[in-house]
There are 2 protein chains.
Amino acid sequence: MNILEKITQHKQAFSKSERKVAEVILANPQIAIHSSIAALAKMSDVSEPTVNRFCRRLDTKGYPDFKLHLAQSLANGTPYVNRHVEEDDGPEEYTKKIFESTMASLEVARQSVDINTINRVVDLLTQAQKISFFGLGASASVAHDALNKFFRFNVPVVYFEDILMQRMSCMNSSEDDVIVLISHTGRTKSLVEVAQIARSNDATVVGITSKDSPLAKECNLVLSLEVPEDTDMYMPMASRIAQLTLIDILATGFTLRRGTKFRENLKRVKDTLRGSRFEKRND
Amino acid sequence: MNILEKITQHKQAFSKSERKVAEVILANPQIAIHSSIAALAKMSDVSEPTVNRFCRRLDTKGYPDFKLHLAQSLANGTPYVNRHVEEDDGPEEYTKKIFESTMASLEVARQSVDINTINRVVDLLTQAQKISFFGLGASASVAHDALNKFFRFNVPVVYFEDILMQRMSCMNSSEDDVIVLISHTGRTKSLVEVAQIARSNDATVVGITSKDSPLAKECNLVLSLEVPEDTDMYMPMASRIAQLTLIDILATGFTLRRGTKFRENLKRVKDTLRGSRFEKRND
DNA sequence: AACCTTCTTGTAACTTTTTAACAAAAAAAC
DNA sequence: GTTTTTTTGTTAAAAAGTTACAAGAAGGTT
């Protein structure tokens, strides 16, 4: 709670000398946070203990603690909020809004994600014979990204954008295979069917999707992200970023589980790419 | 400037003992601001003057001043810092770290992005006859995502993952075409060649890439994102998320520029998808 | 390997800052 | 007008932070 507001509210409850202190602080808080109790007492024309008592009356432990609260109030406290883009926003506004909304959504996602499930999914992935990532529409690019990540791990990984290929792939799946299905809404019919096919072949189905959705019901494990959908622009934005971050987390968990030796392998994969690149000059 | 970030950036410049202090503060900044210099020294297992020197190295006047800065950073709503995943992190730790690093990178990206260039790119895109999105490797999924977004706008949009297709597509490009090339490093040889081919056909080339890179030199316009590369895990994570957010911004700028009528169109596209989905029950 | 230099770290003394205790003054109550 | 309560300041003590210096570690040189 903002301490500057608190001071103005409390103003009546202060004594005469304490009010003097309040005036000085409100007049110029920036100077106050950089002053010692002695300096502030002099400015307010009161004694030092009075300033201390003033601080205590605001439920702080003493002067240093009060300064801390004051500093926090002054720090332009604009936490990221999901603000929608408006019709007449200029580039500056919508850029800012989209960045902030994205960060706000990630914060929400972070709090809603279930660590336990993540751990279990990582477990499954490390033990899988084959890993498949499927998504449709906007979620296809998320699956695509997952392919990229897991491909580097030198494990059999599969990705199809085509619904028929997805179905065929699932029909040929077996017990030790893990199928990761990505869908924000979890209501895409064909993806639900893919899940059913995979299940009937005893493959393990992991859903990165909305809780309690039709798709979620068909999955062995569900990683749900409670990201507020951005309805304004009619295209998924934040949800997708959250999904990607989740993929990053799974990939990280995967490498950690595999140990140091495995990561040396990763470095080698990266080094291989060097040939196809322009060297970075160090001048 | 956020002092938590400053600490992580400076980390290399610190001495061994100073780094101990840094660790303790980063691990739990909230506790740090409520501790005396003696308590913090004890927690970090160093002497008090070392803590003091640590503060000075961060351009603060001393410990109290440092605490003030720290308090402000925490209040700022962005306690997010780019912390690297450690060998022995559990699911809880790495999940937290990845979410926070991603958010920290977005914050950095937001500050480094050039609004003016965004506006000019949006200009170009709205006037383009045909828009192409090309990327390779990890950036391919970003291009893929861009395809998904712009496809909904009912404009001629092209995406290829195959380098030969990319080249052929560029050979057939003309003056009114815009080619968007995505590459974090900007050092991928084949993508630079694609840029050259496009340029020689008078197409406009926009690069979402690193400033001053070989690719950047071949582009008409460069959207650079100064995201710290995550070298630890040998795979691009944060950079990709920032690129995607940039795509979101371009897409949003695009729709805003096109006006209300155009957005009604978007809604229709979205409604069309409904048939392929399970209805959401409202009970 | 011994020596020197430079950088890092801790100890001890010192200064500043903050807080506690008490007494004087002011205000309020009887 | 006296007593009680509240407010305020003075003094002293405690706590916190800083400086100066010396011991120790690290790195380079002969």
Would A:Glu93 and A:Lys96 pass as an ion pair if we require N to O under 4.0 Å? no
In whole Å, what is the span from the CG atom of A:Leu40 to the P atom of C:dT19? 12 Å
How close or far is atom P of C:dT15 from atom CD of B:Glu48, stated in whole angstroms? 18 Å
What nucleic acid atoms does B:Arg19 come within less than 4.0 Å of, heavy atoms only: base, sugar-phosphate, or nothing? nothing
Which nucleotide, C:dT18, C:dG10, D:dG17, lies nearest any side-chain atom of B:Tyr63? D:dG17
Heavy-atom nearest pair, A:Phe66 first then A:Leu58, reads CE1-CD1, 3.8 Å
Rounded off to whole Å, could you give me the CD1-to-C1' distance for the A:Ile37 and D:dA14 pair? 14 Å
For the side chain of A:Lys16, starting at C-beta, report the closest nucleotide among C:dA21, C:dG10, D:dT8. D:dT8
To the nearest angstrom, how far is A:Asp65 atom CG from C:dT18 atom C1'? 13 Å
Looking only at heavy atoms, what is the nearest atom pair of B:Gln72 and A:Ile33, with distance? NE2-CD1, 4.0 Å
Of B:Asn52 and A:Thr50, the one whose closest DNA chain D nucleotide lies more 5': A:Thr50
Of B:Ala38 and B:Arg53, whose closest DNA chain D nucleotide lies nearer the 5' terminus? B:Ala38
When rounded to whole Å, the CD to P distance for the pair A:Glu18 and D:dG9 reads 10 Å
Evaluate the side-chain proximity of B:Pro91 to A:Val122: yes if any heavy-atom separation is below 4.5 Å, no if none is. no
Return the value, rounded to whole Å, for the distance between atom CZ of B:Phe54 and atom C1' of C:dT8. 16 Å
Does D:dT6 have OP1 or OP2 sitting under 4.0 Å from an N or O in the side chain of A:Ser15? no
Nearest of C:dT9, C:dT19, D:dT18 to any side-chain atom of B:Arg56? D:dT18
Non-neighbouring partners of B:Ala138 that pass side-chain contact (heavy atoms from CB on, under 4.5 Å), sequence neighbours left out: B:Pro236
Using atom NZ of B:Lys67 as one end and atom P of C:dT17 as the other, report the distance to the nearest whole Å. 15 Å
